[in-house]
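Have a look at the structure below before the remarks.
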Amino acid sequence: MSLGDKDTVKAFWANVAGKEEQIGCDAVSRMLTVYPQTKTYFSHWKDLRPGSAPVRKHGATVMTAVTDAVSKIDDLTGGLLSLSELHAFTLRVDPANFKVLAHNLLVVLATVFPNDFTPEVHVAMDKFLAAVACALSEKYR
Amino acid sequence: MVEWSENERSIISNIFSNLDYNDVGPKALVRCLVVYPWTQRYFSSFGNLYNAEAISTNPKVAAHGIKVLHGLDRALKNLDNIKATYAELSVLHSEKLHVDPDNFKLLSDCLTIVIAGKLGSAFTPEVQATFQKFLAVVVSALGKQYH
(Lines give C-alpha, C1' and ligand atoms only; values in the text may rest on other atoms or scores of the structure.)
Protein backbone atom coordinates (compact mmCIF):
# COMPACT_ATOMS: atom_id res chain seq x y z
CA MET A 1 0.00 0.00 0.00
CA SER A 2 1.21 3.45 -0.87
CA LEU A 3 1.12 6.34 1.60
CA GLY A 4 -1.86 7.62 -0.37
CA ASP A 5 -3.67 4.28 0.04
CA LYS A 6 -3.03 4.29 3.79
CA ASP A 7 -4.28 7.87 4.14
CA THR A 8 -7.37 7.01 2.10
CA VAL A 9 -8.12 3.99 4.30
CA LYS A 10 -7.64 5.93 7.54
CA ALA A 11 -9.78 8.83 6.35
CA PHE A 12 -12.58 6.61 5.05
CA TRP A 13 -12.56 4.35 8.11
CA ALA A 14 -13.31 7.37 10.32
CA ASN A 15 -16.82 7.26 8.78
CA VAL A 16 -17.34 3.83 10.27
CA ALA A 17 -17.19 5.07 13.86
CA GLY A 18 -20.43 4.30 15.62
CA LYS A 19 -21.61 1.95 12.88
CA GLU A 20 -19.22 -0.92 13.55
CA GLU A 21 -21.82 -3.30 14.93
CA GLN A 22 -24.31 -2.68 12.15
CA ILE A 23 -21.68 -3.05 9.44
CA GLY A 24 -20.01 -6.10 11.01
CA CYS A 25 -23.33 -7.87 11.51
CA ASP A 26 -24.39 -7.16 7.93
CA ALA A 27 -21.04 -8.34 6.49
CA VAL A 28 -21.10 -11.64 8.41
CA SER A 29 -24.80 -12.16 7.59
CA ARG A 30 -24.09 -11.71 3.90
CA MET A 31 -21.08 -14.02 4.02
CA LEU A 32 -23.14 -16.83 5.57
CA THR A 33 -26.03 -16.30 3.14
CA VAL A 34 -24.17 -15.76 -0.11
CA TYR A 35 -21.35 -18.25 0.58
CA PRO A 36 -23.05 -21.03 2.55
CA GLN A 37 -19.84 -23.03 2.72
CA THR A 38 -18.61 -20.51 5.32
CA LYS A 39 -21.27 -21.80 7.71
CA THR A 40 -19.10 -24.84 8.27
CA TYR A 41 -16.94 -22.78 10.63
CA PHE A 42 -19.85 -21.91 12.88
CA SER A 43 -21.53 -25.26 13.51
CA HIS A 44 -21.23 -24.50 17.22
CA TRP A 45 -23.64 -21.53 16.95
CA LYS A 46 -27.29 -22.04 17.80
CA ASP A 47 -28.54 -19.56 15.23
CA LEU A 48 -26.87 -18.82 11.89
CA ARG A 49 -29.58 -16.59 10.51
CA PRO A 50 -28.78 -13.05 9.29
CA GLY A 51 -28.82 -10.66 12.25
CA SER A 52 -28.96 -13.38 14.92
CA ALA A 53 -27.22 -12.83 18.27
CA PRO A 54 -24.10 -14.90 17.50
CA VAL A 55 -23.85 -13.27 14.05
CA ARG A 56 -24.15 -9.80 15.55
CA LYS A 57 -21.54 -10.58 18.20
CA HIS A 58 -19.12 -12.02 15.68
CA GLY A 59 -19.60 -9.07 13.36
CA ALA A 60 -18.63 -6.76 16.21
CA THR A 61 -15.57 -8.87 16.99
CA VAL A 62 -14.42 -8.77 13.38
CA MET A 63 -14.97 -5.02 13.06
CA THR A 64 -13.06 -4.30 16.27
CA ALA A 65 -10.17 -6.26 14.80
CA VAL A 66 -10.33 -4.43 11.45
CA THR A 67 -10.45 -1.05 13.21
CA ASP A 68 -7.41 -2.15 15.20
CA ALA A 69 -5.70 -3.18 11.96
CA VAL A 70 -6.31 0.32 10.55
CA SER A 71 -4.42 1.74 13.53
CA LYS A 72 -1.58 -0.70 12.82
CA ILE A 73 -1.59 -0.10 9.09
CA ASP A 74 2.14 0.58 9.00
CA ASP A 75 3.00 -2.85 10.40
CA LEU A 76 0.18 -5.30 9.89
CA THR A 77 2.36 -8.40 10.17
CA GLY A 78 3.68 -7.33 13.58
CA GLY A 79 0.43 -5.84 14.77
CA LEU A 80 -1.71 -8.85 13.87
CA LEU A 81 0.74 -11.51 15.08
CA SER A 82 -1.43 -13.00 17.79
CA LEU A 83 -4.50 -12.94 15.54
CA SER A 84 -2.50 -14.76 12.92
CA GLU A 85 -1.54 -17.43 15.42
CA LEU A 86 -5.19 -17.74 16.47
CA HIS A 87 -6.34 -18.25 12.89
CA ALA A 88 -3.46 -20.58 12.04
CA PHE A 89 -3.40 -22.88 15.02
CA THR A 90 -6.82 -22.70 16.62
CA LEU A 91 -9.42 -21.56 14.10
CA ARG A 92 -7.68 -22.95 11.02
CA VAL A 93 -9.87 -20.95 8.66
CA ASP A 94 -8.97 -21.63 5.04
CA PRO A 95 -7.35 -18.36 3.95
CA ALA A 96 -9.55 -18.26 0.83
CA ASN A 97 -12.33 -17.21 3.16
CA PHE A 98 -10.57 -13.99 4.11
CA LYS A 99 -11.24 -12.82 0.56
CA VAL A 100 -14.87 -13.86 0.87
CA LEU A 101 -15.42 -11.87 4.06
CA ALA A 102 -13.53 -8.91 2.58
CA HIS A 103 -15.82 -8.89 -0.47
CA ASN A 104 -18.91 -8.87 1.72
CA LEU A 105 -17.50 -6.08 3.86
CA LEU A 106 -16.92 -4.02 0.70
CA VAL A 107 -20.52 -4.68 -0.40
CA VAL A 108 -21.79 -3.43 2.97
CA LEU A 109 -19.59 -0.34 2.81
CA ALA A 110 -21.05 0.37 -0.65
CA THR A 111 -24.60 0.16 0.72
CA VAL A 112 -23.89 2.28 3.81
CA PHE A 113 -21.66 4.90 2.16
CA PRO A 114 -22.87 5.09 -1.47
CA ASN A 115 -21.27 8.50 -2.04
CA ASP A 116 -18.05 8.06 -0.05
CA PHE A 117 -17.20 4.57 -1.27
CA THR A 118 -15.74 5.87 -4.53
CA PRO A 119 -13.60 3.75 -6.89
CA GLU A 120 -10.49 5.29 -5.30
CA VAL A 121 -11.63 4.40 -1.79
CA HIS A 122 -12.65 0.95 -3.03
CA VAL A 123 -9.21 0.14 -4.41
CA ALA A 124 -7.45 1.37 -1.25
CA MET A 125 -9.79 -0.64 0.99
CA ASP A 126 -9.43 -3.71 -1.21
CA LYS A 127 -5.64 -3.49 -0.99
CA PHE A 128 -5.83 -2.93 2.77
CA LEU A 129 -8.08 -5.94 3.36
CA ALA A 130 -5.82 -8.06 1.16
CA ALA A 131 -2.85 -6.95 3.28
CA VAL A 132 -4.76 -7.82 6.46
CA ALA A 133 -5.55 -11.26 5.00
CA CYS A 134 -1.89 -11.70 4.17
CA ALA A 135 -0.86 -10.78 7.72
CA LEU A 136 -3.46 -13.20 9.10
CA SER A 137 -2.05 -15.98 6.93
CA GLU A 138 1.52 -15.40 8.10
CA LYS A 139 1.62 -18.16 10.66
CA TYR A 140 -0.23 -20.79 8.64
CA ARG A 141 2.85 -22.54 7.29
CA MET B 1 -28.59 -27.16 -15.89
CA VAL B 2 -29.01 -24.27 -13.48
CA GLU B 3 -32.23 -24.23 -11.49
CA TRP B 4 -33.94 -20.93 -10.70
CA SER B 5 -36.73 -20.64 -8.15
CA GLU B 6 -39.67 -18.32 -8.81
CA ASN B 7 -38.31 -16.04 -6.12
CA GLU B 8 -34.87 -15.88 -7.77
CA ARG B 9 -36.40 -15.13 -11.18
CA SER B 10 -38.43 -12.34 -9.68
CA ILE B 11 -35.44 -10.85 -7.82
CA ILE B 12 -33.31 -10.83 -10.98
CA SER B 13 -36.10 -9.40 -13.08
CA ASN B 14 -36.71 -6.61 -10.55
CA ILE B 15 -33.08 -5.60 -10.41
CA PHE B 16 -32.92 -5.19 -14.19
CA SER B 17 -36.28 -3.54 -14.66
CA ASN B 18 -35.25 -0.79 -12.23
CA LEU B 19 -31.75 -0.48 -13.58
CA ASP B 20 -30.38 2.76 -15.02
CA TYR B 21 -28.05 1.21 -17.61
CA ASN B 22 -26.53 4.56 -18.55
CA ASP B 23 -25.44 5.12 -14.96
CA VAL B 24 -24.61 1.64 -13.71
CA GLY B 25 -22.82 0.43 -16.84
CA PRO B 26 -20.18 3.16 -16.85
CA LYS B 27 -19.79 3.03 -13.06
CA ALA B 28 -19.14 -0.71 -13.08
CA LEU B 29 -16.52 -0.56 -15.83
CA VAL B 30 -14.84 2.51 -14.30
CA ARG B 31 -14.62 0.73 -10.97
CA CYS B 32 -13.13 -2.35 -12.60
CA LEU B 33 -10.45 -0.32 -14.40
CA VAL B 34 -9.59 1.59 -11.20
CA VAL B 35 -9.72 -1.24 -8.66
CA TYR B 36 -8.06 -3.80 -10.93
CA PRO B 37 -5.79 -1.67 -13.13
CA TRP B 38 -4.40 -4.62 -15.08
CA THR B 39 -7.80 -4.85 -16.78
CA GLN B 40 -6.81 -1.68 -18.65
CA ARG B 41 -4.69 -3.89 -20.90
CA TYR B 42 -7.77 -4.57 -23.04
CA PHE B 43 -8.53 -0.93 -23.64
CA SER B 44 -5.37 0.57 -25.08
CA SER B 45 -7.49 2.22 -27.80
CA PHE B 46 -9.59 4.11 -25.26
CA GLY B 47 -7.17 6.98 -24.80
CA ASN B 48 -6.57 8.54 -21.40
CA LEU B 49 -6.77 5.98 -18.58
CA TYR B 50 -3.94 7.47 -16.53
CA ASN B 51 -5.82 7.94 -13.28
CA ALA B 52 -9.22 7.44 -11.67
CA GLU B 53 -10.36 10.92 -12.69
CA ALA B 54 -9.47 10.31 -16.35
CA ILE B 55 -11.09 6.89 -16.37
CA SER B 56 -14.32 8.13 -14.82
CA THR B 57 -14.70 10.93 -17.40
CA ASN B 58 -13.59 8.91 -20.42
CA PRO B 59 -16.52 8.73 -22.86
CA LYS B 60 -15.28 5.50 -24.48
CA VAL B 61 -15.24 3.80 -21.09
CA ALA B 62 -18.77 5.01 -20.40
CA ALA B 63 -20.07 3.83 -23.78
CA HIS B 64 -18.42 0.46 -23.36
CA GLY B 65 -19.78 0.07 -19.84
CA ILE B 66 -23.32 0.54 -21.14
CA LYS B 67 -22.71 -1.96 -23.94
CA VAL B 68 -21.36 -4.61 -21.57
CA LEU B 69 -24.23 -4.16 -19.13
CA HIS B 70 -26.76 -4.62 -21.93
CA GLY B 71 -24.89 -7.83 -22.69
CA LEU B 72 -26.50 -9.21 -19.54
CA ASP B 73 -29.96 -8.73 -21.06
CA ARG B 74 -29.64 -11.91 -23.04
CA ALA B 75 -29.06 -13.91 -19.85
CA LEU B 76 -32.13 -12.27 -18.35
CA LYS B 77 -34.25 -13.33 -21.32
CA ASN B 78 -32.80 -16.86 -21.43
CA LEU B 79 -32.34 -17.79 -17.78
CA ASP B 80 -32.87 -21.45 -18.53
CA ASN B 81 -30.31 -21.60 -21.26
CA ILE B 82 -27.55 -19.19 -20.38
CA LYS B 83 -24.74 -21.49 -21.49
CA ALA B 84 -25.96 -21.74 -25.08
CA THR B 85 -26.99 -18.09 -25.15
CA TYR B 86 -23.42 -16.96 -24.49
CA ALA B 87 -21.60 -19.49 -26.66
CA GLU B 88 -21.01 -16.96 -29.43
CA LEU B 89 -19.92 -14.20 -27.04
CA SER B 90 -17.59 -16.68 -25.35
CA VAL B 91 -15.90 -17.45 -28.65
CA LEU B 92 -15.62 -13.71 -29.33
CA HIS B 93 -13.96 -13.01 -25.97
CA SER B 94 -11.60 -15.94 -26.42
CA GLU B 95 -10.65 -15.87 -30.10
CA LYS B 96 -10.95 -12.24 -31.01
CA LEU B 97 -10.68 -10.19 -27.82
CA HIS B 98 -8.28 -12.55 -26.02
CA VAL B 99 -9.68 -11.67 -22.59
CA ASP B 100 -8.45 -13.75 -19.65
CA PRO B 101 -11.68 -15.23 -18.24
CA ASP B 102 -10.58 -14.35 -14.69
CA ASN B 103 -11.45 -10.79 -15.63
CA PHE B 104 -15.15 -11.64 -15.93
CA LYS B 105 -15.26 -12.29 -12.20
CA LEU B 106 -13.51 -8.99 -11.47
CA LEU B 107 -16.07 -7.03 -13.48
CA SER B 108 -18.93 -8.96 -11.94
CA ASP B 109 -17.66 -8.12 -8.42
CA CYS B 110 -17.52 -4.44 -9.36
CA LEU B 111 -21.03 -4.59 -10.80
CA THR B 112 -22.26 -6.18 -7.56
CA ILE B 113 -20.74 -3.34 -5.57
CA VAL B 114 -22.23 -0.64 -7.82
CA ILE B 115 -25.69 -2.20 -7.59
CA ALA B 116 -25.24 -2.50 -3.80
CA GLY B 117 -24.48 1.22 -3.71
CA LYS B 118 -27.60 2.03 -5.72
CA LEU B 119 -30.02 -0.24 -3.87
CA GLY B 120 -28.67 0.29 -0.35
CA SER B 121 -30.54 -1.74 2.23
CA ALA B 122 -32.83 -3.10 -0.51
CA PHE B 123 -29.81 -5.11 -1.59
CA THR B 124 -30.45 -7.67 1.14
CA PRO B 125 -28.25 -10.74 1.68
CA GLU B 126 -30.88 -12.77 -0.21
CA VAL B 127 -30.89 -10.39 -3.16
CA GLN B 128 -27.09 -10.36 -3.14
CA ALA B 129 -26.97 -14.16 -3.17
CA THR B 130 -29.37 -14.34 -6.14
CA PHE B 131 -27.59 -11.62 -8.08
CA GLN B 132 -24.18 -13.19 -7.51
CA LYS B 133 -25.56 -16.58 -8.57
CA PHE B 134 -26.85 -14.99 -11.77
CA LEU B 135 -23.52 -13.32 -12.52
CA ALA B 136 -21.60 -16.51 -11.71
CA VAL B 137 -23.66 -18.43 -14.27
CA VAL B 138 -23.02 -15.76 -16.92
CA VAL B 139 -19.30 -15.69 -16.08
CA SER B 140 -19.12 -19.46 -16.37
CA ALA B 141 -20.92 -19.42 -19.74
CA LEU B 142 -18.57 -16.75 -21.06
CA GLY B 143 -15.59 -18.92 -20.17
CA LYS B 144 -17.02 -22.11 -21.65
CA GLN B 145 -15.71 -21.84 -25.23
CA TYR B 146 -12.12 -21.11 -24.30
CA HIS B 147 -9.67 -23.81 -25.28
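Since the model is a prediction, treat every value here as computed from it, not as a measurement. Chain letters run A, B, ... following the sequence lines, proteins first, then strands; residues in each count from 1.
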Any link between [X] and [Y] through a network of hydrophobic side chains (Ile, Leu, Val, Met, Phe, Trp, Tyr) touching at under 4.5 Å?
{"X": "Phe43(B)", "Y": "Tyr50(B)", "value": "no"}
{"X": "Tyr42(B)", "Y": "Ile66(B)", "value": "no"}
{"X": "Leu136(A)", "Y": "Leu81(A)", "value": "no"}
{"X": "Tyr86(B)", "Y": "Leu106(B)", "value": "yes"}

Would one find more than 12 heavy atoms of other residues, nucleotides or ligands at under 6.0 Å from atom [atom1] of [X]?
{"X": "Glu88(B)", "atom1": "CD", "answer": "no"}
{"X": "His147(B)", "atom1": "NE2", "answer": "no"}
{"X": "Leu97(B)", "atom1": "CG", "answer": "yes"}

Side chain from CB out, backbone as N, CA, C, O: work out which of these in [X] comes under 4.5 Å of a heavy atom of chain A, or both, or neither.
{"X": "Thr124(B)", "answer": "backbone"}
{"X": "Tyr36(B)", "answer": "side chain"}
{"X": "Gln132(B)", "answer": "side chain"}

field: Interatomic distance, Thr111(A) atom OG1 to Ile113(B) atom CD1 [nearest 0.5 angstrom]
entry: 10.5 Å
task: Please round to the nearest 0.5 Å and tell me the distance separating atom CZ of Arg31(B) and atom CD of Glu120(A).
output: 8.5 Å
Residue among Pro50(A), Ala110(A), Pro36(A) with most heavy-atom pairs under 4.5 Å to chain B: Ala110(A)
Which atom of Pro125(B) lies closest to which atom of Val34(A), heavy atoms considered: O-CG2, 3.7 Å
query: So which heavy atom on Val34(B) is nearest to which on Val123(A), and how close?
result: O-CG2, 3.8 Å
message: Under 4.5 Å from any heavy atom of chain B, what part of Tyr35(A) do you find: side chain, backbone, both or neither?
response: side chain
